[in-house]
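Notes follow the structure.
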Amino acid sequence: NAGVTQTPKFQVLKTGQSMTLQCAQDMNHNSMYWYRQDPGMGLRLIYYSASEGTTDKGEVPNGYNVSRLNKREFSLRLESAAPSQTSVYFCASSDFAGSVTEAFFGQGTRLTVV
Amino acid sequence: AQSVTQLGSHVSVSEGALVLLRCNYSSSVPPYLFWYVQYPNQGLQLLLKYTSAATLVKGINGFEAEFKKSETSFHLTKPSAHMSDAAEYFCAVSGTSYGKLTFGQGTILTVHP
């Protein structure tokens, strides 16, 4: 059982380049999330998708876009990367349906923007 | 609005000693509370969760946490630290809005022989 799978695991971008981070879950969860982790700041929510076909902004959405491709997949796109977007990105999923269950996290994508 | 404060960005204990990691939360609705652990270069793994069923919650690897509404706290404890407990620990709170989590800043636990 793979759980939440993120690709790539590592990436180096030049300022201004674009890229898409991919995420897929095989737990049939309704909700999916993208977080970024920075030292001393914990994890902060970038975007989330409560269910297939819906997306919404989180705490730090600027500079990012997302696509909920289907129930399994939720991608995060950086249109024009900036050094401030150097971070570790985590995708997560949960089976939220009116009551909270725990979120399951992927292994993360370490992104460096130079 | 919700927020989480973890007191102490670094905690160091000796092997066999008590582990106490502090977490205080703020929430405008009855909270769901979580502790996650992150080992180096890995994702987050759930240790335990509070969802109002019981105030003392037992988790994996011998950890437990007590929900104290009057103190708005959800501190994580383990009676006897093991070297394998060295990791970063995150407290998180969720309300009823689609399972979104608000995380604390994290506490790095170091265990000395």
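Naming: A, B, ... by sequence-line order, numbering from 1 per chain. Just the heavy atoms: all of them, side chains too, but no hydrogens, waters or symmetry mates, feed the values below.
The greatest number of non-hydrogen atom pairs below 4.5 Å with chain A, out of B:Asn41, B:Thr102, B:Val4, is found for B:Asn41. In terms of heavy-atom pairs under 4.5 angstrom with chain B, the leader among A:Gly40, A:Pro39, A:Gly108 is A:Gly40.
The CD atom of A:Glu102 lies 7.0 Å from the CZ atom of B:Phe34; values are rounded to the nearest 0.5 Å. Taking CZ of A:Phe105 as the reference point, atom CD of B:Gln42 lies at 14.0 Å (rounded to 0.5 Å).
B:Val19 and B:Leu33 fall within the same hydrophobic cluster, where Ile, Leu, Val, Met, Phe, Trp and Tyr residues are linked whenever their side-chain heavy atoms come under 4.5 Å apart, directly or through other members. Cluster annotation: B:Leu20 and B:Val37 are assigned to distinct hydrophobic clusters (Ile/Leu/Val/Met/Phe/Trp/Tyr, side-chain heavy-atom contacts under 4.5 Å, transitive). Grouping the Ile, Leu, Val, Met, Phe, Trp and Tyr side chains by contacts below 4.5 angstrom, directly or via other members, places A:Val4 apart from A:Ile46. Under the 4.5 Å side-chain heavy-atom criterion for ILVMFWY residues, no single connected hydrophobic cluster contains both A:Met32 and A:Val88. If you chain together hydrophobic residues whose side chains sit under 4.5 Å apart, B:Leu48 and B:Val11 fall into the same group.
B:Leu44 touches chain A through backbone and side chain together, each having a heavy atom under 4.5 Å away. Heavy atoms of A:Arg110 lying under 4.5 Å from chain B belong exclusively to its side chain. Only the side chain of A:Leu45 comes within contact range of chain B, with at least one heavy atom under 4.5 Å from a heavy atom of that chain. Heavy atoms closer than 4.5 Å to chain A are found in the side chain of B:Gln38, but not in its backbone. With a 4.5 angstrom heavy-atom cutoff, A:Glu59 does not touch chain B via any of its atoms.
The contact list for residues 78-91 of chain B toward chain A, using heavy atoms and a distance under 4.5 Å, reads B:Glu88, B:Phe90 by residue number.
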Practice prompt. Begin with the C-alpha distance, continue with both residues' side-chain angles, and end with the deciding distance and a verdict on side-chain contact (heavy atoms from CB on, under 4.5 Å) for A:Phe104 and B:Leu46.
Written response: CA-CA 8 Å; A:Phe104 294 81; B:Leu46 181 72; over 6 Å; no
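By the neighbour-count criterion of 12 heavy atoms within 6.0 Å, atom CZ of A:Arg72 is densely surrounded, having more than that number from other residues, nucleotides or ligands.
Residues satisfying the salt bridge (charged side-chain N to carboxylate O under 4.0 Å, His left out) test with B:Glu64, not counting sequence neighbours, are B:Lys58.
Here the side chains of A:Tyr33 and B:Lys100 are in contact, with some heavy-atom distance below 4.5 Å. Between B:Gln105 and A:Met41 the shortest side-chain heavy-atom distance does not fall below 4.5 Å.
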